[in-house]
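Data first, discussion second: the structure below is written as C-alpha cells.
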Amino acid sequence: MNYSLCNRLGRGARSQDPSAADYIALVRAAGATVDSNQVGEINNFYRTAKSTGYYTSLKRLYLPIWGVAAANAIDMIGGTSGTFNGGVTHAAGFVQGNRSTGYFDMGVNFTGAGLSQNNHMVGGLVYVADTVGTGNMSVVGNIDSSAEPFLFNIGGANHSFYSNDSYSALAISKLNGIFVGSRTGAAIKDLTHRGAAGLTTNSATTATTGASGLTNNFTSMACSQGGVMGYFSDAKLSAYFIGTGINLSLAESFTLHLKTLFESCTGLTLP
Amino acid sequence: MIGFITTPQTAAAVLDGIRTAQESRGLPHYWTTGSYPIFTGTHAGKVFLPFDDAMMATNLRGGLTPMDFPEAPQLIGALGGLEARVELDHSEIIDPNAPTFE
C-alpha cells in the first residue's frame with residue numbers, strides 16, 4: 001500500500017497549542033530568537049499544563065530567559081507585558097536584579113489578578129541566589145500594612161512563603177530551585193520545592209488568616225512595602241508567577257514541567 | 001548607585017516620557033528607569049532615577065538600547081545631562097518606616 005506524501009508527513013505531527021503560538025510570536029516580535037527546539041518545548045509545556053489541570057490557576061507566568069527586556073516582560077498566560085524598573089541584567093537563561101533598584105512590576109494587584117484570601121499562590125525559579133545570609137530578598141510578593149503573600153529568601157538558607165498569618169511563614173531550607181507557595185483554604189497552606197535532588201514539601205494545617213486585597217502590584221526581585229520598594233534581590237531568576245492556589249499534586253506536576261521547560265530551553269541545569 | 005537626583009515633578013515627567021516613547025510606537029510599557037523617593041541624607045525629599053552604564057546598555061529589543069531611542073537626549077537633558085549623574089548610597093532610598101514582616 002502506498003501512503004500519500006501528505007499522509008506520511010502528517011503522521012505523528014501535532015498542531016501547535018494556540019497559547020504557545022501566541023507567546024512565541026510575541027517573543028519573536030520583541031526581538032528574541034526562539035529556535036525550533038524551544039518552539040517544541042514551549043508547546044509541550046502549554047499542552048501538559050492544560051491537560052494536567054493547573055494552567056487555569058496561573059494568572060501571570062513569566063519566563064525571562066531571552067536576554068531581551070521586551071521579551072522577558074511578556075506574560076505567558078495573557079500575553080500582556082509587565083515593566084522592568086531600575087538595574088536589571090537580562091542574561092541568557094535568567095534575569096538578575098542589582099540588589100538596589102532593579103525589579104519587575106507585573107502590573108496587577110491582588111484583586112486584579114482574581115486572587116482571594118484563602119486561594120492564591122506565588123513562586124519562582126531561583127537559578128542562583130548569590131547573596132547569602134545578608135538579609136531578605138523578594139522573589140515575588142507584596143506587603144501591605146499587615147498582609148503579605150510572597151515567597152522570600154531569608155537568612156541565606158531558606159525560602160519562606162507568607163500569606164499574612166501574622167508573619168508566620170512556611171519555610172524550606174533550600175536556596176535555589178523552583179518554589180511554589182500555595183494557599184487553598186483557611187487551614188491549607190503548602191510550600192513546594194523542586195531541585196536537582198528532587199521534591200520537598202512543607203505544609204500547614206492550622207487555620208490562619210490569609211492575605212487579601214493588597215492594593216499594590218505584585219513585583220519580582222523587590223517587594224512593595226506599603227508602596228515603597230524594598231527587599232531588593234540579586235538572585236538570578238528564570239521564572240516567577242502568581243495565581244490561585246493549587247494542591248500538592250498539581251504543584252508537583254507544575255514544578256516538574258517548569259523544570260523541563262527551563263532546562264530544555266536554556267541548556268542550564270536546575271540546581 | 002549612579003543616577004539622577006531631581007524633583008518629584010521632573011521625575012514624573014521623565015518617566016511619562018519614557019512610557020510615551022514605547023507606547024507611541026505601539027509597544028507595551030516594558031522598561032523604565034523607575035523613580036525612588038529619597039528618605040534620608042542631604043537629598044531627602046527628592047527622587048532618584050537610576051541610570052548607570054549597565055542600564056544604558058540594556059538590550060531592550062533586538063539589540064536596541066535606551067540610548068538608541070530618539071527621545072533619549074531630550075529626556076536626559078531634562079535631568080541635566082549625563083554629567084549631572086551622581087552616586088547615591090542605597091540606604092537613602094530605603095523607607096525607615098516601611099512595614100516589614102520581621
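Sequence lines set the chain letters: A, B, ... in the order given, protein chains first and strands last, and positions in each chain run from 1. Keep in mind the model is a prediction, meaning the values are calculated, not measured.
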Quiz item: Which region of B:F48, side chain (C-beta onward) or backbone (N, CA, C, O), has a non-hydrogen atom less than 4.5 Å from a non-hydrogen atom of chain A, or is it both or neither?
Solution: side chain

Exercise. Against chain A, work out which of B:T33, B:L60, B:L49 has the most heavy-atom pairs shorter than 4.5 Å and name it.
Key: B:L60

Self-check item: Interchain contact, A:A73 with chain B, by part (heavy-atom threshold 4.5 Å)
Solution: side chain

Practice problem: Classify the ring geometry between A:F232 and B:Y36 as parallel (under 30°), tilted (30 to 60°) or perpendicular (over 60°). | Solution: tilted

Exercise. Would you mind reporting whether A:T101 and B:M1 have side-chain heavy atoms less than 4.5 Å apart?
Key: yes

Self-check item: Separation of A:N72 CG from B:Y30 OH (nearest 0.5 Å)
Solution: 11.5 Å

Quiz item: Do other residues, nucleotides or ligands put more than 12 heavy atoms under 6.0 Å from B:Q74 CD?
Solution: no

Quiz item: What heavy-atom pair brings B:R61 and A:A29 nearest, and what distance separates the two atoms?
Solution: NH2-O, 2.9 Å

Quiz item: Quick one: of A:G67, A:S81, A:G102, A:G82, who has the most non-hydrogen atom pairs under 4.5 Å with chain B?
Solution: A:G82

Quiz item: Nearest 0.5 Å, what's the CG-CG distance between A:N85 and B:L15?
Solution: 7.5 Å

Practice problem: Check for a donor-acceptor pair, side chain of A:T83 on one end and backbone N or O of B:H29 on the other, with a separation under 3.5 Å. | Solution: yes

Exercise. Measure distances from A:F104 to the heavy atoms of chain B and classify the residue's part below 4.5 Å as side chain, backbone, both or neither.
Key: neither

Practice problem: Search all heavy atoms of A:A69 against all heavy atoms of B:T58 and return the closest pair with its distance. | Solution: CB-CG2, 4.4 Å

Practice problem: Could you tell me which portion of B:T32 (side chain, backbone, both or neither) has an atom closer than 4.5 angstrom to a non-hydrogen atom of chain A? | Solution: both

